[in-house]
Amino acid sequence: MSTTFRITFLGTSAAVPTVRRNVSATLVAYQDLKWLIDCGEGTQRQIMRTGAGFKNLTHIVLSHEHLDHILGIGGLLATFNMLLPVSQVTVFGSPATLERVRQLASFIGRSLQYKLHLQPIEQGLVFSHRQLECYAFPTRHRLKRSYGFIFQEKPKRRFLAEVAERLGIPAGPERRRLLAGESVQSPTGRWVHPDEVLAPPVPGKKLVYISDTLYFPELSTYAAEADCLIAEATFLSSDAELAAEVGHMTAAQAATVARDAGAKRLYLNHLSQRYAQAEHLILEEARHIFPDTHLASDLLTVEV
Ligand SMILES: [Zn+2]
Ligand SMILES: [Zn+2]
């Protein structure tokens, strides 16, 4: 099966970095484009360690304004100002999140050498780019607004070259126009319509990222049929009361979301340092409910 998304975990620790885990950030690559989800302290160095580079890193989506998700953006934007890997950057987030980004960017000093767009988001479409759409959905994290994200590839239709051949459409611009949804005339004068040469649509890949949140059943609706679900699992069930109190999920709750959503794979993220010596318990707890669960780790790359 072909790869649609390349996901690299840059930081997988909750609240504070540890020796082995940096704070929240995830890099999503799709075709030649890259998106950063969250940007905890030290994220720019984590990106360097992946070898991915900053080129084409023009979209940054932020789940909420807590520092373990945004503090790295000041350094990243400052480095962009020196290396100029891009001519513009758009940061998406709630108004409260963007206000903090604006403050961090204000420390850079001399005027920015590239265009920085701060784009407030609400529930719904965040951006659409070529074959990819990104949607935000609300999470519940003791803040006015916090979001999870869906990266949804648009449905794909295979071009039936053998049919085009039979209809006398030569390789070249006519076929590209058919692919783009236009009808074209064959050399014999017959009009050929896109539906004649395109296979029925197959759904595109879906990646869902659930950042800091309490468990609530609608999460599985947002994550429905995800090819890959990344979910926070800050606590074990033994600390479920505390998890609810501070607006986080347990490993069992993250697995419940994956199971109820009919997701294909689950990566547990945002792990608390309190279980650093017992991470296998997090995995066991989740696998009991959703067998295809994995622990995210820094610099792990997965293909979807
Ligand atoms: Zn967090
Ligand atoms: Zn948080």
Side-chain angles (χ1 to χ4, degrees), residues 3-9 24-31 33-39 56-66 69-70 73 89-98 101 117-141 143-157 201-232 247 249 254 256-267 269-270 296 302-304:
T3 299
T4 299
F5 297 112
R6 265 175 73 84
I7 302 151
T8 305
F9 297 101
S24 285
T26 303
L27 192 66
V28 177
Y30 175 84
Q31 297 173 352
L33 303 167
K34 289 188 213 107
W35 288 271
L36 187 60
I37 308 175
D38 287 340
C39 187
N56 292 338
L57 185 53
T58 54
H59 291 62
I60 301 173
V61 293
L62 300 175
S63 62
H64 65 297
E65 68 263 38
H66 284 158
H69 296 255
I70 65 155
I73 205 149
V89 178
T90 306
V91 181
F92 301 89
S94 70
T97 305
L98 295 182
V101 172
H117 306 279
L118 301 182
Q119 186 66 49
I121 58 172
E122 292 177 1
Q123 177 172 3
L125 187 68
V126 176
F127 61 80
S128 173
H129 197 101
R130 294 190 206 151
Q131 279 301 100
L132 192 69
E133 288 175 332
C134 175
Y135 296 89
F137 59 89
T139 57
R140 299 183 189 169
H141 188 47
L143 289 169
K144 199 166 165 199
R145 294 192 198 175
S146 56
Y147 295 100
F149 299 103
I150 299 167
F151 286 77
Q152 175 73 64
E153 190 185 27
K154 293 175 191 167
K156 285 188 275 200
R157 298 186 71 177
V202 288
K205 296 276 174 69
K206 179 177 179 179
L207 163 67
V208 178
Y209 175 93
I210 299 179
S211 61
D212 299 14
T213 184
L214 287 173
Y215 169 80
F216 58 102
E218 291 81 4
L219 285 173
S220 55
T221 311
Y222 301 122
E225 309 292 330
D227 295 281
C228 179
L229 171 62
I230 300 166
E232 76 118 298
M249 287 201 289
T256 301
V257 174
R259 183 196 63 197
D260 294 350
K264 293 202 177 69
R265 241 191 295 171
L266 170 65
Y267 287 88
N269 196 9
H270 202 270
V302 297
E303 298 191 336
V304 178

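In terms of heavy-atom proximity, Leu219 sits nearest to Leu214 at CD1-O, 3.8 Å. Shortest non-hydrogen contact noted between Glu232 and Gly247 is OE2-O, 4.0 Å. Here the closest heavy-atom approach between residue Met249 and residue Tyr215 is recorded as CG-N, 3.6 Å. What you find for Ala254 and Leu266 is that their closest heavy atoms are O-CD2, 3.9 Å. Pairing each heavy atom of Ser63 with each of Asp38, the nearest pair is N-OD1, 2.7 Å. Closest approach of Gly204 to Gln152, counting heavy atoms only: O-NE2, 3.5 Å.
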- [ ] Check the pair Ser211, His270 against side chain to side chain contact (heavy atoms under 4.5 Å, CB included), reporting the backbone distance first and the verdict last.
- [x] CA-CA 8 Å; Ser211 61; His270 202 270; over 6 Å; no

TODO: Apply side chain to side chain contact (heavy atoms under 4.5 Å, CB included) to Val91 and Leu118, showing your working.
DONE: CA-CA 5 Å; Val91 181; Leu118 301 182; 3.9 Å; yes

Open item on the list: Could you go through Tyr209 and Asn269, starting from their C-alpha distance and side-chain angles, then the distance that decides it, and tell me whether this counts as side chain to side chain contact (heavy atoms under 4.5 Å, CB included)?
Closed with: CA-CA 10 Å; Tyr209 175 93; Asn269 196 9; 4.1 Å; yes

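Taking CZ of Phe149 as the reference point, atom CD1 of Ile230 lies at 12.0 Å (rounded to 0.5 Å). Going from atom CD1 of Ile121 over to atom OG1 of Thr97 covers 7.5 Å, rounded to the nearest 0.5 Å. Note: Thr90 OG1 to His59 NE2 = 5.5 Å, rounded to the nearest 0.5 Å. If you take CG on Leu36 and CG on Leu57, they are separated by 5.5 Å, rounding to the nearest 0.5 Å. Residue Thr58 holds its OG1 atom at 9.5 Å from NE2 of His117, rounded to the nearest 0.5 Å. A distance of 9.5 Å separates NZ in Lys206 from CG in Leu229, rounded to the nearest 0.5 Å.
At a threshold of 4.5 Å between non-hydrogen side-chain atoms, the residues Val257 and Ser220 count as touching. Here the side chains of Phe151 and Trp35 are in contact, with some heavy-atom distance below 4.5 Å.
Ring centroids of Tyr267 and Phe9 are separated by less than 6.0 Å, placing the two rings close together.
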Which side-chain N or O atoms in residues 124-138 pair as donor and acceptor under 3.5 Å with protein atoms at least two apart or in another chain?
residue : atom : partner : partner atom : Å
Arg130  : NH1  : Gln31   : OE1          : 3.3
Arg130  : NH1  : Asp32   : OD1          : 2.9
Glu133  : OE1  : Tyr135  : OH           : 2.8

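Classified by interplanar angle (parallel below 30°, tilted 30° to 60°, perpendicular above 60°), the ring pair His64/His69 is tilted.
In terms of modelled atom types and a separation under 3.5 Å, the side chain of Thr139 and the main chain of Ser146 share a donor-acceptor contact.
The environment of CZ in Arg6 is sparse: at most 12 heavy-atom neighbours from other residues, nucleotides or ligands sit within 6.0 Å. The local environment of CD in Glu218 is crowded, with over 12 non-hydrogen atoms from other residues, nucleotides or ligands closer than 6.0 Å.
Evaluation of the side-chain hydrogen bond (donor to acceptor under 3.5 Å, both in side chains) rule for Tyr30 yields Glu153 as partners, not counting sequence neighbours.
Put simply, the residue from Arg265, Lys205, Lys264 that forms a side-chain hydrogen bond (donor to acceptor under 3.5 Å, both in side chains) with Asp227 is Lys264.
Under the 3.5 Å distance criterion, with hydrogens and angles disregarded, no donor-acceptor pair is assigned to the side chains of Asp212 and His66.
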